[in-house]
2 protein chains.
Amino acid sequence: MNNYTDQLRLHNLKATPQRLAIADALHIHGHITIDSLYGMMLQKFSSISLATIYKNMNLMIENSFVQEVKLPDTKSVYELSKASHSHLLCKECGEVEDVTIDLTSAIKEASTASSFKIESTALTFVGVCKKCS
Amino acid sequence: MNNYTDQLRLHNLKATPQRLAIADALHIHGHITIDSLYGMMLQKFSSISLATIYKNMNLMIENSFVQEVKLPDTKSVYELSKASHSHLLCKECGEVEDVTIDLTSAIKEASTASSFKIESTALTFVGVCKKCS
DNA sequence: CTCTGTGCAAAGCGTTTGCAAACGA
DNA sequence: TCGTTTGCAAACGCTTTGCACAGAG
């Protein structure tokens with residue numbers, strides 16, 4: 001259980017117990033939905049409000065401490081910001097995993113074909129994970 | 001202005017005037033949000049209900065006639081189903097374009113790294129389009 | 001001490017549902 | 001004709017807001 005006090009401050013966020021717990025939950029679980037995060041927080045703070053979760057997640061996203069991951073056919077999950085990477089979604093169990101792959105040739109191909117100046121990519125592979133197959 | 005009667009029937013959807021107009025709007029504009037679709041439909045059917053839009057979009061998605069495209073930092077857009085492809089999103093003007101690129105090596109890389117059995121991909125490039133740069 | 005964050009309750013907004021009348025096949 | 005679709009209004013669920021009190025720095 002890491003201490004995220006400094007990381008929060010670096011992102012201009014005061015280190016409240018609720019925020020530290022949110023950061024821990026994201027660190028431990030990797031990718032979580034708002035609902036499951038609320039459930040986890042309730043175990044630690046029996047009277048935490050969903051409004052507190054939403055306010056903090058929004059602030060954390062604005063301040064680039066956290067990122068939303070939009071997934072096909074299912075709810076978004078949230079993760080701590082980190083180096084650019086892609087995602088794998090298991091359509092059986094819903095698990096989300098990170099994967100880092102080289103997209104330079106794909107980016108080159110797409111910018112040539114379109115004359116867009118590409119700055120980032122959002123890539124999710126959908127399939128079946130090892131456990132489920 | 002194509003006639004989508006048969007296409008709708010192929011997807012087990014009765015060809016009502018509202019549905020034909022939705023198909024035309026998707027065909028003409030490529031990628032549209034629910035709101036802009038509602039606006040367009042209002043011009044043609046002054047008393048069309050938003051509920052009709054939602055019911056039809058949901059049916060069309062279930063029957064694979066239409067697909068939702070989830071985009072980073074902005075609302076989803078909808079498009080007529082077609083061969084697998086990726087998307088370009090202009091972060092200045094919001095325009096969405098289709099682009100077809102070869103992802104076989106990316107898929108191979110990701111499945112090797114993860115031991116997922118990958119079945120599809122959702123890829124959006126974010127950048128600045130020609131007009132906006 | 002000051003300003004920000006928290007929890008609660010209420011409001012807001014997009015989406016879905018139930019129903020009677022209209023319509024497609 | 002029969003089953004589906006439409007439009008309306010109400011319900012719903014998720015997210016945001018306003019406010020008084022508590023807590024971080």
Side-chain angles (χ1 to χ4, degrees), chain A residues 3-26 32-63 65-78, chain B residues 3-26 32-63 65-78:
Chain A
N3 184 332
Y4 277 97
T5 306
D6 296 340
Q7 300 262 19
L8 285 168
R9 296 218 181 109
L10 282 175
H11 291 268
N12 298 306
L13 297 163
K14 285 193 182 179
T16 68
Q18 290 87 340
R19 287 177 184 170
L20 289 166
I22 289 174
D24 282 337
L26 289 165
I32 44 190
T33 61
I34 292 280
D35 279 355
S36 60
L37 179 60
Y38 180 49
M40 293 170 198
M41 292 303 101
L42 272 178
Q43 316 215 335
K44 206 155 189 165
F45 306 94
S46 55
S47 67
I48 197 173
S49 165
L50 242 186
T52 299
I53 306 281
Y54 279 110
K55 285 171 188 168
N56 280 326
M57 292 306 279
N58 287 338
L59 268 178
M60 287 174 169
I61 290 168
E62 281 165 31
N63 296 12
F65 180 68
V66 162
Q67 284 183 314
E68 178 178 1
V69 183
K70 290 191 181 181
L71 300 167
D73 304 316
T74 188
K75 317 182 226 189
S76 292
V77 294
Y78 298 85
Chain B
N3 184 332
Y4 277 98
T5 305
D6 297 341
Q7 299 264 19
L8 285 168
R9 297 218 180 109
L10 282 176
H11 291 268
N12 298 306
L13 297 163
K14 283 192 182 178
T16 67
Q18 290 87 341
R19 287 178 185 168
L20 289 167
I22 290 174
D24 282 336
L26 288 165
I32 43 190
T33 61
I34 292 280
D35 280 355
S36 60
L37 179 60
Y38 180 47
M40 293 169 196
M41 292 304 100
L42 272 178
Q43 316 215 336
K44 206 154 191 166
F45 305 94
S46 56
S47 68
I48 197 173
S49 164
L50 242 186
T52 299
I53 305 283
Y54 279 111
K55 286 172 188 166
N56 280 326
M57 291 307 278
N58 288 338
L59 267 179
M60 287 174 168
I61 291 169
E62 281 165 33
N63 295 13
F65 179 70
V66 162
Q67 282 185 313
E68 177 179 2
V69 183
K70 291 191 181 181
L71 300 166
D73 304 316
T74 187
K75 316 182 227 191
S76 291
V77 295
Y78 298 84

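A quick note: this is a predicted structure, and the numbers were derived from the prediction, not measured. Note on naming: letters A, B, ... go to the chains in the order of the sequence lines (proteins, then strands), and numbering restarts at 1 for each one.
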Colleague: Without hydrogens or angle criteria, can the side chains of B/Gln18 and B/Thr52 be said to hold a donor-acceptor pair below 3.5 Å?
Modeller: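 No, no side-chain donor-acceptor contact under 3.5 Å.
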
Colleague: Nearest whole Å is fine: how far is C/dT4 P from A/His11 NE2?
Modeller: 19 Å

Colleague: Could you give the CZ-to-C1' distance, from A/Arg9 to D/dG25, as a whole number of Å?
Modeller: 8 Å

Colleague: Return whichever of B/Pro17 or A/Phe45 has its heavy-atom-nearest nucleotide of DNA chain C closer to the 5' end.
Modeller: A/Phe45

Colleague: So does B/Asn56 get a side-chain nitrogen or oxygen closer than 4.0 Å to the phosphate oxygens (OP1/OP2) of D/dT6?
Modeller: yes

Colleague: Any side-chain to backbone donor/acceptor pair from A/Asn56 onto A/Arg19? Under 3.5 Å, distance only.
Modeller: no

Colleague: Mind calculating the distance between CE (B/Met57) and C1' (C/dT16) to the nearest angstrom?
Modeller: 15 Å

Colleague: What integer distance in Å separates A/Asp35:CG from D/dG13:C1'?
Modeller: 10 Å

Colleague: Per the side chain to side chain contact (heavy atoms under 4.5 Å, CB included) rule, which among A/Ile61, A/Leu37, A/Val69, A/Ile22 passes with A/Tyr78?
Modeller: A/Ile61

Colleague: Are the side chain of B/Lys70 and the backbone of A/Lys70 linked by a donor-acceptor contact shorter than 3.5 Å?
Modeller: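 Flag not set: sc B/Lys70 to bb A/Lys70 has no pair under 3.5 Å.
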
Colleague: Which nucleotide, C/dC8, C/dT17, D/dT6, lies nearest any side-chain atom of B/Ala51?
Modeller: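 Taking heavy atoms from C-beta onward, the closest nucleotide is C/dT17.
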
Colleague: Please report the distance, rounded to the nearest Å, between NZ in B/Lys14 and C1' in C/dA25.
Modeller: 6 Å

Colleague: Under 4.0 Å between a side-chain N or O of A/Thr16 and OP1 or OP2 of D/dG23?
Modeller: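 A/Thr16 to D/dG23 OP1/OP2: no side-chain N or O under 4.0 Å.
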
Colleague: To the nearest Å, give me how far apart CG (A/Asp6) and P (D/dA24) are.
Modeller: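 Computing the A/Asp6:CG to D/dA24:P distance gives 16 Å.
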
Colleague: If the cut-off is 4.0 Å, is B/Thr52 near the phosphate of D/dG7, judged by side-chain N/O to OP1 or OP2?
Modeller: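 Affirmative; the distance criterion is met.
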
Colleague: Taking CD from A/Glu62 and P from C/dG5, how many angstroms apart are they, rounded to a whole number?
Modeller: 11 Å

Colleague: May I ask you to verify if any side-chain N or O of A/Asn58 is less than 4.0 angstrom from the OP1 or OP2 atom of D/dT16?
Modeller: yes

Colleague: Take B/Ser47 and B/Asn12, find for each the nucleotide of DNA chain D with the closest heavy atom, and name the residue whose nucleotide sits nearer the 5' end.
Modeller: B/Asn12

Colleague: Specify the residues of residues 68-75 of chain B, ordered by number, for which at least one heavy atom lies under 4.0 angstrom from an atom of DNA chain C.
Modeller: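 None, since no heavy atom is under 4.0 Å.
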
Colleague: Determine whether more than 12 heavy atoms belonging to other residues, nucleotides or ligands lie under 6.0 Å from atom CG of A/Asn58.
Modeller: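 Yes, enclosed.
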
Colleague: Keeping the roles fixed (side chain from B/Asn3, backbone from B/Thr5), state whether a donor-acceptor pair exists under 3.5 Å.
Modeller: yes

Colleague: Got a donor-acceptor contact below 3.5 angstrom from the B/Ser36 side chain to the B/Thr33 backbone?
Modeller: yes

Colleague: Using whole Å, what does the distance between atom P of nucleotide C/dT4 and atom CD of A/Gln18 come to?
Modeller: 17 Å

Colleague: Quick one: on DNA chain C, does B/Leu50 or B/Lys55 contact a more 5' nucleotide (nearest heavy atom)?
Modeller: B/Leu50

